[in-house]
Structure formats: C-alpha cells, structure tokens
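Below, all heavy atoms of this structure are taken into account, side chains as well, without hydrogens, waters or symmetry copies. Residue numbers start from 1 in every chain, and the chains themselves are labelled A, B, ... in the order their sequence lines are given, proteins ahead of strands.
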Amino acid sequence: MLEETIQRTKAYYCLECGICTGSCPVSRHHENFSPRLMVERALLREEGPSLDDREVWSCLTCGTCSARCPSLVDYNEFTRETRVAAREGGWAGVDTHAGTILAFMELQTGAAGKRDLSWIAEGLRTSRKGGVLFYTGCLPYFGIVFRDYGVDAVGMANSTIRLMNAAGVRPVVSSDERCCGHDPYWTGDADTMKTLAKKNLRMIEETGARKVVFACPECYAMFKLVYPRYFGPLGFEVAHVTEFLVPYAAKGKLAFGERERTITYQDPCRLGRYAGVYDAPRELLTAVPGLEIAEMARTRAEALCCGSSAWVSCTRVNKQIQLERLAEAAETGATTLVTGCPKCNIHLACAARDGDGEEKIEIKFVTDVMAEALES
Amino acid sequence: MAGRQKTSSILAFVCSWYPLAAADNAGVDRCEYSAEATIVPVDCAGTITAASILKAFARRTDGVLVAVCGRGDCHYSNGSESCGIVIDETHEIMKAAGIDPARLRLDFSSDVAGKRFASMVDGFAEDLAKLNGRGARRTAPKRKPPATKRRPVAKKKTIAKKKPTATKKAAAKKKPTATKKAAAKKKPSAKKKTVPKARGAGKKTSRRK
Ligand code: SF4
Ligand code: SF4
C-alpha cells in the first residue's frame, strides 16, 4: 500500500528541499505539520507514515505544495491515499459540524429518496429533461446547516438558475441528483464516492443532458478530474457556471447594469490549482460595467486556501488561515470579497463571524454578485 | 398490538433521566410494547447530533425516536431545548433528502409512567408501519443479510424485572439491556465494512500521543 502510494505520487523524487513546508498555509501556523516530513517518513519507513498521526487529517489538500514542488510530487494524492490507509486501519479525522455534513452525504448513497426541489424560487424556469443540467451539489443542504452563519446557500443556487435563465437557458434540475462525493473521497472514503458517482452518472444519462454546469468547484473538479479516472470518459461536457456564462456575456446575451464597485476575488483550490480555471470568473465579473477587481497579494495559482476542506479538522490553525486571508482581502481596499466556491464563502464567512470584527469585508458568491447586476 | 408483525426497525435515543426511568418503569410494570425499538440510552438528549440520526437512516433504520425530558426539566441546563433545535434541523435535512420527516419523532416528556412510554413507542411503531405500507419503505429488501443482521429480538419485550420496589434511579442504573457503552457500540453502524468503526470511534484515538 505504502509502496504503491510512493510510486503513484512520485514521492521517491523528493529532494528534501522543503518548498512544500515553506509554502504550506497549515505549516505557517502549526509547527507540528510538515508535508516534507510526512514524505520523508514514508520514504525512510523509519516511523512509517504513522496512520494514527492526527496530522494526516490536517492537510487542506489545497495543492499549493504540489503546484510548487520541483520534483512534481503529488502531495494531495499522497495525503488522500494515506487517509484511505488510515481509514482502513480504523482511524478517522475529527469531523466538523459534529459530522452532520458527512452524514447527509452518506445518506445519499442509498437511503435518501427524491430530493426536495421546493427551494427553487418562484419565477425561475427549470425542466426535467434537456441539454443543459445544473448540478446543484450540496447547496440545498448547506442552506439548512449554514443559515445561522449568514450564508444563503440556497440563494446561490437560485442566483445561478436566474443567470442561466437570463442567458436564455432553462436548465434541468434533477431530484435524482446525489452528492458528488468530494468530501468522502478526500477523507479517504473512495467507496462512498463511487456509489454516489454511479448514481449521478445514471441520473445525467436519464435527463439526456449534454452539458453539466456546476456552481461548486468541488463538484466540478470531481466530474472533470476524478470521475473519468474511475469510470472512463464522461459522455457530456462539464463547465463551471462562470465558464458557462462568459460566452453569453461576451455575445451580449447577458446584459448587466452599471455597478460602481471594487471587489477582490478568491481563487478556490479546486477551480484554480486543480481545474486550472482562473480567467473565466474574472472575465465574467468584469462584464459588469463599473466593476473593478483589485487582486490580493497572493492570487491565481498562488492563492491562499480558504482554510478548511472536506469537513474534517477545523481548528485554531484553520481559523488563523482564514483570518489571514480576510486581512489580505481587506488590504486591497475592495468592499467585497467574491468567492468562486460556495464552501470558501461558508468558511470565510464563519471566520469573519468569529473574528474580532476587524476584517470588515462583505463576502459573496460569484453568481450572487452577477445576478444582482443583471439588467432586468 | 398482539399478533402484529414486525415491520419496522426503530432506534430510540433515550435520555438517561426521566425518559429512561419511564422506559424502565415500563419493564417494571410489565407494560408490553413494540419489540422493534432498540433503546440507546444517552447521558443527555442535548448530546444527540444530527449525524447520529442521519447515519441511522443511512444504514436503513425505519424510524428514529428521541425521548427527551420535558422542556425546562433538563437535568443539566438546556439539553431539551438544544435537542429540539437539532431535531428541527434534522427534520429539514431529511425533507431535503426525500425522507419523510415523520420517521424521526421527538417526544418531550417528564412523565415517568411506564404505561405512557409503552404507548408512545407503540404509537410511533404503528405510524411507521403505515408509512412503510405507503410504499415508502426503504428497508430490508436491498440489505446484505450478514452486514445488517440485527441482534435477535424477542417477539415481545416483557422486561422480566421483578423488583417493583426499586426506586426509579436505581432502576435506571440497572437497565435491563447492555451498559450504555456497549449499547452505543451496537448502533447499527459499525458493521458496514468500508467505514471504519464509525467516524466518531476514531476520534479519540486519532489524537496522537
Ligand atoms: S496541500 Fe496545502 S495544506 Fe496540504 S500540505 Fe500541501 S500546502 Fe499544506
Ligand atoms: S470554518 Fe466554520 S464553516 Fe468552515 S468548517 Fe470550520 S467551523 Fe465549519
């Protein structure tokens, strides 16, 4: 197992340069966490990658280290496979939110019935069959769990549909949709992901969709990068909502009204470093007349992670990363921090709520900003 | 209920104060009630999480019953109220997932009468049987028999405790079933191969040194 992981992730190429640890947002705040040491231990097998090590669960799988590694060691995959082994050995991380979120994901592997779609706002047009499907992911669930955090996740799904409608698209929203399995997958539970993936692929086939649009970059990255590894090429195209809308905005099919404001943009790990989408959200945002983007010091491939991932391990360290990012966003002078990922939005809003109130910056999801700017 | 077939599985989280005393009194008073309920005592209903309930459903339990001390009667301070909040949220999640929220019942009561407890469980069992009859039954058929075989249950739970004199508290301590820990371990979870010990189980141990 360990040997295979080392082979697959090219860990044997490690030069011990320490660039990973130097780049890691967790290591910056947490002296015991070092990706370099994790790899070294695995290679030397002296202490092995100790599966009972709680630091196995501390990595954000943000991809900063892998993006910078001169030897191209895939540290994210290394972490994931270590988690699979740890899980097989009976270990698990500490789930955030008392495990609620991972539990409703597990629920969708079988016991769950047809999803309730009553959250779709009145006046929006959706259909049951058609060429374009909007994959809503966990947004309806997050809407329940994070209501008290001042985050309206259902609103994000509705604003996505509103934008698609404005572009003349009536998306399929299916009650047979299931969680994409991102979080179980990254916490070492590939079986749950596979069960969910099969249901999703069947659901998409049944609707006849040729194109699937995602609001959440994590779902998007799963479909784009992980599903094909397990199930072969997908029979449909995938696009993040920003990628999907840019051509409509460019052709003038989506018209936005004047909005004088300066925003800054948070590149989500999955959309940026994983899927390589940096320009689409920026192009879409700047399609709003008067809207300007003030970039943060660390942006695009260098962007700092929102500080928490896969609903495992949320500690003092994660909070510090989030406050660091909020401070960086505030420094740009922007009034709004726009995120390309609903989860970044949730985690950063949570930190802003917990923080001492110094980071006075509004946090908004990209489709909410765009739908507000629609010329009606 | 005599002769009624076993139709549902019920996981009953029972707060260790009033509700568990009531459950015990049901045994002491020899009240018959549905054998479908597996009683899991919890120290305080305020410790029940949405995850423990959702996981029970994920592993094909038909219904979850949460028996809590009456509002304002929590032995600690606000366990009943916080349990109410958790159950509200869980109901919403169930609705979103297409599981009838009626499959999760919250019973607030500081009444320790065994009879009331027995009829409350029976009432829930009957409602569940109706729900299952509506074609919404999501249980058994797909189960892999060994993975989900529940511990064999006697047809009727007539708790053979012959000490009607025991005080409620003593009775509560001497619950006829396994100890709390053992009972907790027996939660339907644990058996699915791919999931190690249930998430919670690893928590203690995943802390290093
Ligand atoms: S993926 Fe991110 S959090 Fe994990 S070790 Fe690399 S830089 Fe650190
Ligand atoms: S940052 Fe907040 S919302 Fe995100 S996992 Fe941690 S506690 Fe939950």
Side-chain angles (χ1 to χ4, degrees), chain A residues 32 50-57 84 86-95 97-119 138-145 147-148 154 175-176 178-179 184 187-192 194-195 311-313, chain B residues 46-64 82 85-86 88-101 103 131 134-139 141-144 148 188-190 192-209:
Chain A
N32 288 348
S50 22
L51 300 180
D52 59 341
D53 188 340
R54 65 185 292 187
E55 305 313 340
V56 165
W57 306 94
V84 173
R87 186 171 282 274
E88 274 163 11
W91 308 97
V94 178
D95 298 346
H97 300 274
T100 305
I101 298 167
L102 284 153
F104 69 59
M105 290 172 174
E106 184 186 335
L107 193 63
Q108 297 176 57
T109 54
K114 295 250 176 214
R115 272 193 181 196
D116 174 38
L117 295 180
S118 61
W119 54 265
C138 291
L139 290 175
Y141 293 93
F142 290 160
I144 299 165
V145 179
R147 194 180 292 137
D148 299 342
V154 166
S175 56
D176 288 322
R178 302 293 168 120
C179 163
T187 50
D189 181 1
D191 290 339
T192 294
K194 282 188 239 167
T195 310
W311 310 108
V312 68
S313 277
Chain B
T47 63
I48 298 166
T49 58
S52 42
I53 297 167
L54 295 175
K55 281 185 181 174
F57 286 115
R59 290 154 206 203
R60 310 283 178 168
T61 300
D62 287 297
V64 175
S82 49
I85 294 169
V86 168
D88 285 348
E89 185 184 276
T90 314
H91 274 143
E92 277 195 73
I93 293 174
M94 290 170 68
K95 184 168 169 275
I99 297 179
D100 195 330
R103 292 183 180 276
L131 278 182
R134 258 197 242 144
R137 188 174 160 79
R138 305 161 294 99
T139 44
K142 279 190 189 161
R143 267 188 236 191
K144 288 175 230 144
T148 50
S189 61
K192 209 174 120 188
K193 262 199 182 152
T194 51
V195 183
K197 293 182 185 164
R199 289 182 168 277
K203 277 175 197 167
K204 275 172 263 147
T205 41
S206 72
R207 297 205 174 266
R208 183 179 55 154
K209 290 157 206 170

Inter-residue atom distance B:Ile93.CD1 - A:Asp116.CG, 0.5 Å rounding: 13.0 Å

Contact winner vs chain B - A:Gly143, A:Gly110, A:Pro140, A:Ala190, heavy-atom pairs under 4.5 Å: A:Gly110

side-chain hydrogen bond (donor to acceptor under 3.5 Å, both in side chains) partners for B:Thr49, two or more places apart: B:Ser52

Atom of B:Ala96, atom of A:Ile144 and distance for their closest heavy-atom approach: CB-CD1, 4.0 Å

Region of A:Tyr141 in contact with chain B, defined by heavy-atom distances below 4.5 Å: side chain

Interchain contact, A:Ser118 with chain B, by part (heavy-atom threshold 4.5 Å): side chain

Spacing of OG1 belonging to A:Thr100 relative to CD belonging to B:Glu89, to within rounding of 0.5 Å: 5.5 Å

Closest heavy-atom pair and its distance - B:Ala51, A:Ala98: CB-O, 3.2 Å

Spatial distance of atom CD (A:Gln108) from atom CD1 (B:Ile99) [nearest 0.5 Å]: 9.5 Å

Shortest non-hydrogen contact between B:Ala58 and A:Ala111, atoms and distance: CA-CB, 3.9 Å

Closest heavy-atom pair and its distance - A:Leu107, B:Ala97: CD2-CB, 4.0 Å

Pair B:Glu92 + A:Arg147: basic N to acidic O under 4.0 Å: yes

